[in-house]
Amino acid sequence: MTASYQVRGPVAVITLNNPPVNGLGLATRQAVAAAIAQAEADVAVQALVITGAGAAFSGGADIKEFGSPKALAEPNLLSLVLLVENCAKPVIAAIHSVCMGGGLELALACHYRMAAPGTKVALPEVKLGLLPGAGGTQRLPRALGVEPALNMIVSGEPVLSEVLAQVPGQQLFHRMAQGDLLEDALAFAAEVAAQRPLPRVRDLKARLSDPNVDPQAYFQFARNMVGAQSRNFPAPLRCLEAVAGAVRMKFDEGIRAEREGFAALMMTPESKALRHAFFAERAASKLADVPSDTPQRPVERVAVIGAGTMGGGISMNFLNAGIPVIILESQQEALDRGLATIRKSYEAQVKKGKLKEDKFQQRMALLSSTLTYADIAQADLVIEAVFEEMSVKKAVFQQLDAVMKPGAILASNTSTLDINAIAQFTQRPQDVLGLHFFSPAHVMKLLEVVRGAATAPDVLATVMALAKKIRKTAVVSGVCDGFIGNRMIEQYFRQAGFLLDEGCSPSQVDRALENFGFAMGPFRMSDLAGNDISWAIRKRRSQAQPGLRYSASADRLCELGRFGQKTQAGWYDYAEGKREAQPSDVVAEMLAQHRAALGISPRSISDEEIVQRLVFALVNEGARLLEEGIAQRASDVDMVYLTGYGFPLWRGGPMCYADTVGLFNVLQAMKRFAKNPHDDAQFWAPAPLLARLVAEGGHFCA
Ligand SMILES: NC(=O)c1ccc[n+]([C@@H]2O[C@H](COP(=O)([O-])OP(=O)(O)OC[C@H]3O[C@@H](n4cnc5c(N)ncnc54)[C@H](O)[C@@H]3O)[C@@H](O)[C@H]2O)c1
């Protein structure tokens, strides 16, 4: 049963019981409705208490039902809420732990609410591009007051029950539990059993805290603030309008407007993208051939090899999660530098008030270092982050194989090298895999887990669980040059180069992509990462694939010593100590000469063409990765781009975006690009999967 019914003296107790968070799926709603009917029919019952079993009162709507007919099947959430509100006997919500979304809307329909301290209370629908659709926008402002309700609804952030209980004049919580929540609620129920009329939130007035403030002026101010902060997301403003309706309209009218707002948001590409990302994140942690009950290896101690840019950031992830780290370096000087960088990074956080002094001390106490392999032998996981050279990796992995205890997981942070080859440097390839962090490694959410041909299932299960612990979004990739993210970005950069050949300036390309929503355009990104690094990779690739076409402009740039921010000169100029990119006359001149050498007279290129060429380059390569089985699912590709490459969240990732544009339209555009003599016809050969989906009228994502 997803809700239980029990009579305690004169009180019927209905307990939601749908683990893990008592989601209000159809079966639960039916069970609650039946329990209410039973309590109403029982003359011995004078009051009802609704509470939740386990770790929540209720986390809200059942996400598995999202978008399916089940979500609308009766009793739907709105009907259940009415059923509770119209119950002839007092209904008391006994709230604890988590009370969110539909759970809070259900509680708001109860006549009385008692909360345990420490309960996280929220209406998080806005995070999925929606608004609370079961009366939340109308009842919360009435029960709590307009300003705090607006904040909660527009931000979606949880607030603790004891904080809400302090809001002057609030009627959200009639009582806070002092001892055992259920016992207190039963006593409260007995107290109010005979009271009539039953108080209903709908009968309250939604008020501003200061009666002298004109609501219209207040909402206009809030509109400006919210509008400015949520530029590409329609939901926050719709939430705001719904709350404004709670002040301006009669209750039933406000509910109708809320419904309309909900239905309209449900259809927006932004909400679809946010819901896609929400499910994509959950899907990414699952592997088709590694069942969820696969045993895991304990990871209590971590060793990191190399205290450079990546080694330091990687170590911080584990220290932050309370896991001891030992860093091994080949030279004392490099070790000292690396440790000092970690310390400085934490000190900066303390200075900004983001980290408490005692937490900082605790983290530093978990960190140790060595120059000797024997000292790391007992680590459960070792992550190598030394120079990107196969010979160096080989030496490290041979050493690791010699000293590490049996069962230790051996990971490499390599960006481009073959994990299967690295695994073969050891006698235990089943314990080897790639853990590809992104820079800065203690900040970026993405972790590509690179699965070698021999990687054991329990190694994969262990690192996927560990990724959650260190708050990374892990996406599994097969072995190939660049894995998912960098193999795709390679094509994006190639197109960016062809655009320069044809007449674009770096800033025009960057602006177009940034207007599309990327955090940073390709040329600013290259300047940040270092143009010399891609130069080296290009040389290696061109040797491996002699026919591969690149714009030579990036090579000309590097020949001028313009490696990016670190040399204060790259695609842009940088003033000393500054990160602002200034268009460069030197680069403009270099590009003019480069085009002249190619015999190209520059043409004017629209922002639309720029965006399509770069984004569809990602899409086509993403389709190849899917076809080759390097990526498990299209939503994994999207997760990589949303969490590691600054792809705009409201567009859902490249594959979701391609679905939104229509795969037929994507393919037509690619055919047009292939005819451009200065582009590369081979580049635009459609991935077979893309061609097949277009023929079938299919999509990448379900
Ligand atoms: N920098 C990035 O943005 C980035 C992103 C993802 C992955 N990576 C990968 O991470 C790895 C490290 O990159 P990085 O940017 O931190 O380089 P880095 O040059 O900053 O650091 C490498 C460190 O390894 C140490 N080292 C070299 N050989 C060693 C050995 N045999 N034993 C112990 N220590 C040794 C060096 O002293 C240096 O401190 C590379 O494989 C790189 O491809 C880098």
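In what follows, residues are counted from 1 in the order of the sequence shown. Atoms within a ligand are numbered from 1 in the order they appear, just like the ligands themselves.
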Using non-hydrogen atoms of the residue, decide whether Glu384 is closer than 4.0 angstrom to ligand 1. no

Starting from atom 32 (N) of ligand 1, which protein heavy atom do you reach first, and at what distance in Å? Ser330 CB, 3.8 Å

For ligand 1, which atoms have a heavy atom of Thr414 less than 4.0 angstrom away? 41 (O)

Of Gly306, Gly312, Gly308, the one whose closest heavy atom lies nearest atom 21 (O) of ligand 1 is Gly308

One thing to verify: whether Asp573 and Arg562 come together as a salt bridge, which I'm taking to mean a side-chain N less than 4.0 angstrom from a carboxylate O. yes

Determine whether the side chain, the backbone, both or neither of Val392 has a heavy atom under 4.0 Å from any heavy atom of ligand 1. side chain

What residue and heavy atom of the protein are closest to atom 19 (O) of ligand 1, and at what distance? Phe387 CE2, 3.4 Å

Who's the nearest protein heavy-atom neighbour of atom 3 (O) of ligand 1, and how far? Ser439 CB, 3.3 Å

Parallel, tilted or perpendicular for Phe360 and Tyr346, by the 30°/60° rule? tilted

Looking only at distances, can you tell me whether any N or O atom of Asn413, backbone or side chain, sits closer than 3.5 Å to an N or O atom of ligand 1? yes

Quick test of your reading of the structure: of Val386, Ile537, Leu528, whose heavy atom lies closest to atom 29 (C) of ligand 1? Val386

For atom 7 (C) of ligand 1, what's the nearest protein heavy atom and its distance? Ser415 OG, 3.0 Å

Result for salt bridge (charged side-chain N to carboxylate O under 4.0 Å, His left out) between Asp679 and one of Arg613, Arg494, Arg549 points to Arg613

May I ask you to decide if the ring planes of Trp650 and Phe233 are parallel, tilted or perpendicular, using 30° and 60° as cut-offs? perpendicular

Under the criterion side-chain hydrogen bond (donor to acceptor under 3.5 Å, both in side chains), I'd like the reasoning laid out for Gln593 against Glu589: C-alpha separation, chi angles, the key distance, then a yes or no. CA-CA 6 Å; Gln593 284 178 15; Glu589 178 55 33; 2.9 Å; yes

Is it the side chain, the backbone, both or neither of Leu417 that has a heavy atom closer than 4.0 Å to ligand 1? neither

Within a distance under 4.0 Å of any heavy atom of Val396, pick out the atoms of ligand 1 and give their elements. 31 (N)

dist Met525:CE -> Phe518:CZ (nearest 0.5 Å) comes out at 8.0 Å

Around atom 25 (C) of ligand 1, find the nearest protein heavy atom and jot down its residue, atom name and distance. Glu329 OE2, 3.1 Å

Could you work out, for atom 42 (C) of ligand 1, the closest of Met444, Arg337, Glu388, Glu448 by heavy-atom distance? Glu388

Presence of salt bridge, Asp527 and Lys566, under 4.0 angstrom: no

Report yes or no: does Ala385 have a heavy atom closer than 4.0 Å to ligand 1? yes

In terms of relative ring orientation, are Phe683 and Phe498 parallel, tilted or perpendicular, with 30° and 60° separating the classes? perpendicular

Within 4.0 Å of some non-hydrogen atom of His436, the atoms of ligand 1 are 6 (C), 7 (C)

When rounded to the nearest 0.5 angstrom, what is the spacing between CD1 in Ile419 and CD in Gln424? 12.0 Å

Among all protein heavy atoms, pick the one closest to atom 16 (O) of ligand 1 and tell me residue, atom and distance. Met310 N, 2.8 Å

If you round to the nearest 0.5 Å, how far is CD of Gln430 from CG of Leu410? 9.0 Å

State, yes or no, whether a side-chain contact exists between Phe516 and Ile610 at a heavy-atom distance under 4.5 Å. no

Show the atoms of ligand 1 that are less than 4.0 angstrom away from any heavy atom in Lys393. 40 (C), 41 (O)

Tell me if the centroids of the rings in Tyr645 and Tyr492 come within less than 6.0 Å of each other. no

Atoms of ligand 1, numbered as shown, that sit under 4.0 Å from any heavy atom of Phe437: 5 (C), 6 (C), 7 (C)

